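For reference, the structure is listed below as structure tokens.
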There are 2 protein chains.
Amino acid sequence: MANREGLRRSGMREVAQVAGVSVSTVANVLSRPSIVAPPTRRRVEQAMVAVGYVPHGPARQLRGLPSPIVGSVTLDLANPFYAELNRGIEDALSEAGCLVLACSTDLQSAKERQLLALLQEQAVRGIIISPIDPDPTALLQVSRRGTPVILIDHPRRQLDLCAVAVDDVVGGELAAEHLLSLGHRRIAFLAGAIDPGPVARRREGARRVLAAAGVDPADALVDIRMSDHPRSSVSVAAQAVEQILATRPALTAIICLNDTAALGVLEGLHTAGVRVPDDISVVGYDDLHFAARLSPALTTVHQPKRRLGRAAAELLLDEEHPDHTHREVHFRPTLRVRASTAPPPRRR
Amino acid sequence: MANREGLRRSGMREVAQVAGVSVSTVANVLSRPSIVAPPTRRRVEQAMVAVGYVPHGPARQLRGLPSPIVGSVTLDLANPFYAELNRGIEDALSEAGCLVLACSTDLQSAKERQLLALLQEQAVRGIIISPIDPDPTALLQVSRRGTPVILIDHPRRQLDLCAVAVDDVVGGELAAEHLLSLGHRRIAFLAGAIDPGPVARRREGARRVLAAAGVDPADALVDIRMSDHPRSSVSVAAQAVEQILATRPALTAIICLNDTAALGVLEGLHTAGVRVPDDISVVGYDDLHFAARLSPALTTVHQPKRRLGRAAAELLLDEEHPDHTHREVHFRPTLRVRASTAPPPRRR
DNA sequence: GTGAAAGCGCTAACAG
DNA sequence: CTGTTAGCGCTTTCAC
């Protein structure tokens, strides 16, 4: 009946009292059970369940132990790409008993800064970030102050940070090469109003391929920007299509910034009565689970989303290690050719 | 040049020293700026930026201030339904300066228990959970020990907890009613191997509707279970279809546990050469962004995912309030009739 | 208005 | 093996 557990939290003191030992013995049972005499240990363990003891994480942290919490800062955690990424992070972290604090910036540098500050205050174990702000000084500062930072899909340059990335330039090249080899010479590159690094690099990749093939990119690659309303990017894309069709009738292919946008594009083309791929080819990016099941099945550039997250988390956990050196892990995107791309129509 | 900021973390002590005041004055500047003389305050504020002061959250918590971190425990954070839910939670929390710690249980009660323990240790502000374990005692205990718990899609019964839910029985009814009114009398209910509460309730709803219409559910509603491999539920569903077609040729409609499974079902039917909705009708659940863009566009039951998360977070934040009383917020799912359902074929 | 002091729950020497 | 002690960084009375 000594079981008073259930009402409020009790600490090591109560445990010690019930077990008739000192707090440090309780502490020993927790962190170095082997040095405690088995009978004592048992007594303490019983006392712990009797009072319903739950260790207090923040107090431990105050004593200098690392927090099990890792911050993940992405553009939008509801975006399937980042949801998968976060899952990869979680998978790797959970093996180490760590947890993911998932945050969205909605493409706003201000929010990003705010989140970095908050995470720093929480003294998280580290931060995995897909930055929107091209200026890395804030990140470097966070890192210098003792919170490890892992970059996702951001040029590392000479930065003194770890990074993981899928090569976006290659991704853009793959998409453009494919269309080029099919015979397309008037290609739209559909992006958002705000252009995060990865999208810009894909465009650059596409441009390079065209130039290398002797096609003038300024002429062959038409840049189209959607108004950014992240909540419903697919309907925005559908609208964008109307505009494309109206102003650029000569276009024979569209490269979309991601599969979600491609979804909207397919819909827009469908309602406009334009056939895919017969009249216009469409290429997505990310290879989300639904891409292969659309009709037509979407040709897209695959990214290893979970593995990316996993790699980031592993790098972060490795920062603990005394002889850790910052490094970069690279992945290559791969083209998944499906049914949404074909040679351009004969008559333009 | 006194600016030593950048190397390691510095605390209130350094700030106090640089500003030539005591720690308590620094503390006052932070928590009650008004009682500090303006010149002093300015001096302190300058000192804070000079040393690059970052408050230490855990230490504050130790002094009894609430943590800004809220745990969200779902079946899988990469599942678009839960990703949207988490985003709703994040939206509401961010307005209060709080953050979401997102966790996945993968339908395993053991993981759930483990996560609850971890979150409790972190002394989070509260926990929002979509429980897989039907036994609520662990949750009640967490709550009694001082960590507020908000239930998602879990029967509250007389439990002394807040809850938010979309009425799953109604959802099942809507789906079944729709098919029934189209003339279907042999309907498959496709679920996973593990049957979380929400799915069980949808099946129950479907059953009720059939019974109420004078159709024997034991006969008209065929229960089909997929092997649970959460990572690729869509391909599993595609496989399940083969089996359905082989063993139950008389079926004219399939209700899927969610849209992702429906994706696989559509694919499976397509490869099997079965036309949707001409030969078989398909109904999904959740109304994910891609549902309306499939072909045929998916008839499905819509759930207000973000609002659900928002409501949960708001209830949680309200638990702070001294005169808070536990309550339940309900949402009604709605049927979205699209192109994947039609009357059954004449000849069976 | 400002500072001194106590202590949140825990860990880590160090003594016994 | 076990207990004593001294803080970790911060908030909060309570004197000055």
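The shown structure was predicted, so the numbers you read here are calculated from the model rather than taken from an experiment. Convention: sequence-line order gives letters A, B, ...; per-chain numbering from 1.
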* Asked: Quick one: does Arg63(A) reach the base of dG7(D) with a side-chain donor-acceptor pair under 3.5 Å?
  -> yes
* Structure fact -> Test side chain to side chain contact (heavy atoms under 4.5 Å, CB included), reference Val26(B), set Val18(B), Val44(B), Thr40(B), Val36(B), output is Val44(B)
* Taking the side chain from Ser10(B) and the backbone from Val51(B), do they hold a donor-acceptor pair closer than 3.5 Å? -> yes
* With respect to the phosphate group of dG1(C), does any side-chain polar atom (N or O) of Thr40(B) fall under 4.0 Å of OP1 or OP2? -> no
* Asked: Which is true for Pro58(A) with a 4.0 Å heavy-atom rule: it touches a base, it touches only sugar-phosphate, or it touches nothing?
  -> nothing
* To do: Give Ser31(B) one of three labels, base, sugar-phosphate or nothing, depending on what nucleic acid heavy atoms sit under 4.0 Å from its own.
  => nothing
* To do: Let me know the distance between CZ of Arg32(B) and P of dG3(C), rounded to the nearest Å.
  => 14 Å
* Structure fact -> Between Val21(B) and Gly64(B), the residue closer to the 5' end of DNA chain C by nearest nucleotide is Val21(B)
* Structure fact -> Which of dA4(C), dG9(D), dT2(D) is nearest the side chain of Ser22(B)? It is dA4(C)
* Could you state the atom-to-atom distance from CG of Asn28(B) to P of dT13(D) in whole Å? => 11 Å
* **Closest non-hydrogen atom pair, Glu95(A) against Arg310(A)** => OE2-NH2, 2.9 Å
* Structure fact -> Which of dG1(C), dG9(C), dT12(D) is nearest the side chain of Ala27(B)? It is dT12(D)
* Asked: Closer than 4.0 Å, any side-chain N/O of Arg60(A) to the OP1 or OP2 of dT11(C)?
  -> yes
* Would you mind reading off the distance between Arg42(A) atom CZ and dC1(D) atom P, rounded to a whole angstrom? => 13 Å
* Asked: Taking NZ, NE, NH1 and NH2 as the nitrogens, is one of them in Asp318(B) or Arg327(B) under 4.0 Å from a carboxylate oxygen of the other?
  -> yes
* Asked: From the list dT12(D), dT2(C), dA12(C), which nucleotide is the closest neighbour of the side chain of Leu65(A)?
  -> dA12(C)
* Check: Ser24(A) side chain, dT4(D) base, donor-acceptor under 3.5 Å -> yes
* Asked: CG of Leu30(A) versus C1' of dC10(C): gap in Å, rounded?
  -> 10 Å
* To do: Quickly work out the Ile35(A) CD1 to dT2(D) P distance and round it to whole Å.
  => 8 Å
* Report the nucleotide, chosen from dT13(D), dT11(D), dT11(C), that has the shortest atom-to-atom distance to any side-chain atom of Met12(B). => dT11(D)
* Structure fact -> Judged by nearest nucleotide, the residue sitting upstream toward the 5' end of DNA chain C, Arg43(B) or Gly11(A), is Arg43(B)
* Does a side-chain N-to-carboxylate-O contact under 4.0 Å join Asp106(B) and Arg87(A)? -> yes
* Rounded to whole angstrom units, what separation is found between the CD atom of Glu14(A) and the P atom of dG9(C)? -> 8 Å
* Length of the CD-P vector between Glu121(B) and dT11(C), whole Å -> 10 Å
* Asked: Whole-Å distance between dG9(D) P and Leu62(B) CG?
  -> 12 Å
